[in-house]
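Being a predicted model, the structure only gives us computed values, none of them experimental. First the proteins, then the strands, lettered A, B, ... as listed; each starts at 1.
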Number of protein chains: 2
Amino acid sequence: MVTLSDVAKEANVSKMTVSRVINHPEQVTPELRSLVEQATAKLDYHPNAIAQALVNNRSNVVKFVTLEDIDSTEPYYINLLFGFARGLNEKQYAMQLVADPTKIETGRADGYLITGARNKDYELFDQLDKPFVLFGENHRGYDFVDNDNQLGEKIATEYAMNRFYKQIIFIGIDIKEPFEYSREAGYINTLQKNQIIPQIYRVPNHSHSAQDLIHEHFSEFKKDTCFICASDRIAIGVERQLRIENGKVPEDFGVIGYDGVFLDQVANTKLTTIKQPIMEMGEMLANMLLKKIEQSGSPQGEVMIKPTLIRRGSTR
Amino acid sequence: MVTLSDVAKEANVSKMTVSRVINHPEQVTPELRSLVEQATAKLDYHPNAIAQALVNNRSNVVKFVTLEDIDSTEPYYINLLFGFARGLNEKQYAMQLVADPTKIETGRADGYLITGARNKDYELFDQLDKPFVLFGENHRGYDFVDNDNQLGEKIATEYAMNRFYKQIIFIGIDIKEPFEYSREAGYINTLQKNQIIPQIYRVPNHSHSAQDLIHEHFSEFKKDTCFICASDRIAIGVERQLRIENGKVPEDFGVIGYDGVFLDQVANTKLTTIKQPIMEMGEMLANMLLKKIEQSGSPQGEVMIKPTLIRRGSTR
DNA sequence: TTGTAGGCGTTATCAG
DNA sequence: CTGATAACGCCTACAA
């Protein structure tokens with residue numbers, strides 16, 4: 001293993017000069033700096049993160065905390081995880097996965113990424129003694145990254161109007177959380193701007209719940225209706241039941257999902273959907289958290305990423 | 001932060017005695033040992049894993065390497081990950097997720113868990129200079145954990161016979177990998193033991209490929225046929241198309257999947273399936289890998305976990 | 001601007 | 001069986 005000392009010998013300087021070239025290069029004269037840099041390159045030196053962690057009283061570990069049940073979790077978590085991991089790897093950080101909220105503070109970590117937080121979880125956060133960031137919008141001042149839920153459904157609703165669907169119905173998730181309110185707001189605001197009256201249903205986030213809903217109300221739906229769904233799961237159920245009721249998709253009925261990560265392998269129709277760049281969001285969360293750690297906890301603000309509409313087979 | 005020194009002072013012994021009580025308790029007299037243990041408990045001392053890592057030239061990090069494309073990956077990876085994480089957390093280990101095979105050896109890690117390995121990947125392994133274990137059966141002597149694929153399809157096939165399905169057809173994945181061969185072998189051996197002639201189809205691991213297959217051959221399938229499928233994805237496609245062709249499931253046609261992790265939220269039928277205890281397998285992999293690291297790379301052998309049949313709506 | 005000394009928390013080694 | 005010492009690789013504080 002190549003150490004600071006090896007580089008120092010190679011460059012004929014002291015260890016401290018090498019250390020400075022790495023951490024505070026501006027404090028070193030250009031000549032010495034380039035000498036050191038050459039030696040570093042020649043020996044392929046990389047700082048030992050563990051030794052750095054020891055002196056800095058860091059662990060180089062952060063926790064990925066998920067407060068949602070992982071069995072019923074959206075498949076996009078895996079993308080979030082890999083995006084997050086990519087951000088960590090660059091900085092030589094590693095993660096521990098935690099599903100049990102009571103174990104957040106056991107062991108050593110420099111900070112936390114918290115996902116799947118619901119309203120009931122917030123009181124937990126104020127007790128945390130390490131920096132943390134949230135995945136998912138909130139309006140209590142906690143740093144977060146999310147996609148712009150309101151914008152997403154605005155895009156979806158405008159698209160439905162542009163495709164000349166006359167009725168535009170929103171099928172949301174029956175959950176009282178900020179992301180759902182934002183998605184509904186995106187839909188409602190867009191319709192009202194065009195003097196159209198919104199129509200909203202809400203169901204649990206399962207494809208079969210959506211199927212039941214369509215089954216029950218199918219006779220009420222006229223042709224030229226587009227369903228804006230708050231998740232791909234719901235959209236898949238809507239689309240499936242529409243076909244069962246002999247509704248023509250996409251000619252007479254349009255369906256737009258949300259998330260854009262649903263496995264084509266399990267659904268037979270290619271769903272038009274609002275896609276979130278989840279990997280990128282994971283990577284941004286990593287960067288945000290590491291920066292927050294570095295700055296000993298200073299606020300990082302809120303980041304809303306633009307989602308995009310992916311046009312596929314379930315809309316005309 | 002409570003350190004070794006604090007405990008030593010509290011117990012009126014040297015740091016080394018405290019260290020020994022933790023690592024080699026048999027070398028310390030019972031009196032001193034209990035003194036130290038009391039002090040440890042009183043101060044709620046926990047060893048600093050980073051300092052340990054530094055002296056032991058360890059990083060306390062392992063890499064979770066996935067060689068499969070993560071977008072098309074099975075949803076059960078998330079369960080494997082969380083099981084693996086649970087095993088790591090106990091030993092204060094953290095992980096880095098790696099999807100790019102060329103980056104396996106960049107950065108620091110004490111060992112690797114490798115998943116999604118295909119035949120083409122094996123030459124890579126011999127070049128690795130750190131201990132590793134595989135998720136997924138192989139017959140080249142590499143340590144692994146997997147479920148017993150052969151046993152799983154034996155259970156499925158016997159179950160189909162017991163439910164008096166007269167024809168039993170296997171629908172496999174068209175891939176030349178050990179797990180697939182083992183699943184086919186479990187089916188074939190069981191049928192041949194009962195003097196029944198096997199009938200095998202193979203399709204890509206997508207529900208729509210399975211649907212196409214059923215659509216094409218439906219007229220050839222008599223009543224009282226059970227389809228043993230090599231994955232839940234295939235089973236979902238088979239079941240869906242059977243219904244579309246007006247076949248009665250489960251009365252006239254049975255369908256059995258494999259994996260047992262498929263989201264009920266996206267499929268409307270409750271699938272009978274062979275379930276692998278994936279979380280537990282993840283945890284075993286963690287234990288195996290950490291043990292291997294501790295024993296500086298000594299072989300850990302092969303672990304095959306018993307899968308179980310979950311009886312649900314797609315078989316009578 | 002550069003170098004020296006000391007220490008982060010732990011453990012191996014060797015002396016007592 | 002127990003303790004003092006040195007070392008792991010790096011960085012802060014101070015001195016030159």
Side-chain angles (χ1 to χ4, degrees), chain A residues 1-40 43-61 91-94 107-110 293-294 296, chain B residues 1-40 43-61 91-94 107-110 293-294 296:
Chain A
M1 172 185 287
V2 182
T3 73
L4 213 56
S5 304
D6 299 326
V7 180
K9 269 181 211 152
E10 176 73 25
N12 268 317
V13 296
S14 75
K15 293 198 293 179
M16 272 319 298
T17 306
V18 181
S19 176
R20 284 198 188 92
V21 170
I22 293 165
N23 299 301
H24 313 282
E26 74 286 355
Q27 299 179 4
V28 180
T29 52
E31 300 86 59
L32 277 191
R33 198 190 309 164
S34 88
L35 260 178
V36 170
E37 277 159 358
Q38 282 171 34
T40 302
L43 301 180
D44 191 30
Y45 167 72
H46 297 278
N48 182 329
I50 291 292
Q52 289 177 316
L54 182 63
V55 283
N56 296 324
N57 195 22
R58 292 263 175 75
S59 64
N60 279 19
V61 168
K91 300 260 173 67
Q92 292 255 36
Y93 257 75
R108 248 166 267 272
D110 300 337
I293 290 169
E294 201 176 310
S296 42
Chain B
M1 172 185 286
V2 182
T3 74
L4 214 56
S5 304
D6 299 326
V7 180
K9 270 181 209 154
E10 175 73 25
N12 268 317
V13 296
S14 74
K15 292 198 292 179
M16 272 319 297
T17 304
V18 181
S19 177
R20 283 198 188 92
V21 170
I22 293 165
N23 299 300
H24 312 284
E26 74 285 356
Q27 298 179 5
V28 181
T29 52
E31 300 84 59
L32 276 191
R33 197 189 311 163
S34 88
L35 259 178
V36 169
E37 277 160 356
Q38 282 171 32
T40 302
L43 300 179
D44 191 30
Y45 167 73
H46 296 280
N48 182 329
I50 293 292
Q52 291 177 317
L54 181 64
V55 283
N56 296 325
N57 195 23
R58 293 263 174 76
S59 65
N60 278 20
V61 168
K91 298 259 173 68
Q92 292 254 37
Y93 257 76
R108 246 166 269 271
D110 300 337
I293 290 169
E294 202 176 310
S296 42

Between Gln27(A) and dT2(C), is there a side-chain N or O to OP1/OP2 distance below 4.0 Å? no
Give a yes/no answer on whether the side chain of Ser19(B) brings an N or O atom under 4.0 Å of OP1 or OP2 in dT10(C). no
Check whether any side-chain N or O of Thr17(B) sits under 4.0 Å from OP1 or OP2 of dG3(D), and answer yes or no. yes
Val18(B) and side chain to side chain contact (heavy atoms under 4.5 Å, CB included): which partner among Val13(B), Leu35(B), Leu32(B), Val28(B)? Val13(B)
Figure out the CG/P separation between Asn56(B) and dA7(D), and round it to whole Å. 17 Å
Heavy atoms only, 4.0 Å cut-off, all strands: where does Glu31(B) land among base, sugar-phosphate and nothing? nothing
For Asn48(B), report the nucleic acid contact type (base, sugar-phosphate, nothing); a contact means any heavy atom under 4.0 Å. sugar-phosphate
Figure out the CG/P separation between Asn12(B) and dG3(D), and round it to whole Å. 10 Å
Side-chain N or O of Thr29(B) versus OP1/OP2 of dC1(D): is the shortest distance under 4.0 Å? no
Which one, dC10(D), dT2(C), dT10(C), comes nearest to the side chain of Lys15(A)? dC10(D)
The side chain of Val55(B) is closest to which nucleotide in this list: dG3(C), dT2(C), dG9(C)? dG9(C)
Rounded off to whole Å, could you give me the CG-to-P distance for the Leu54(A) and dG7(C) pair? 14 Å
Rounding to a whole Å, what distance do you find between Ile50(A):CD1 and dG9(C):C1'? 13 Å
Nearest-Å distance for atom pair CE/P, residues Met16(B) and dA12(C): 7 Å
Rounded to whole Å, the CZ-C1' distance (Arg33(A) to dT1(C)) equals 12 Å
Touch class at under 4.0 angstrom, heavy-atom based, for Leu32(B) against every strand present: sugar-phosphate
Atom pair distance, as rounded to whole Å: CD in Gln52(B) and C1' in dC8(C): 14 Å
In Å and rounded to the nearest 0.5 Å, what is the OG to CG distance from Ser59(B) to Leu54(B)? 11.5 Å
Of all heavy-atom pairs between Lys15(B) and Ala8(B), which one has the smallest distance, and what is that distance? N-CB, 3.8 Å
From Ile22(B) atom CD1 to Glu37(B) atom CD, the distance as rounded to the nearest 0.5 Å: 10.0 Å
When you measure from the side chain of Arg20(A), which nucleotide among dG3(D), dC14(D), dA12(C) comes out closest? dC14(D)
Give a yes/no on whether any side-chain N or O of Asn23(B) is located under 4.0 angstrom from OP1 or OP2 of dT11(C). yes
Between dC11(D) atom C1' and Asn57(A) atom CG, what is the distance in whole Å? 13 Å
Out of dT2(D), dT12(D), dG9(D), whichever nucleotide has its closest atom nearest the side chain of Val28(B): dT2(D)
Can you tell me how far apart CZ (Arg20(A)) and OG (Ser14(A)) are? Round to the nearest 0.5 Å. 7.0 Å
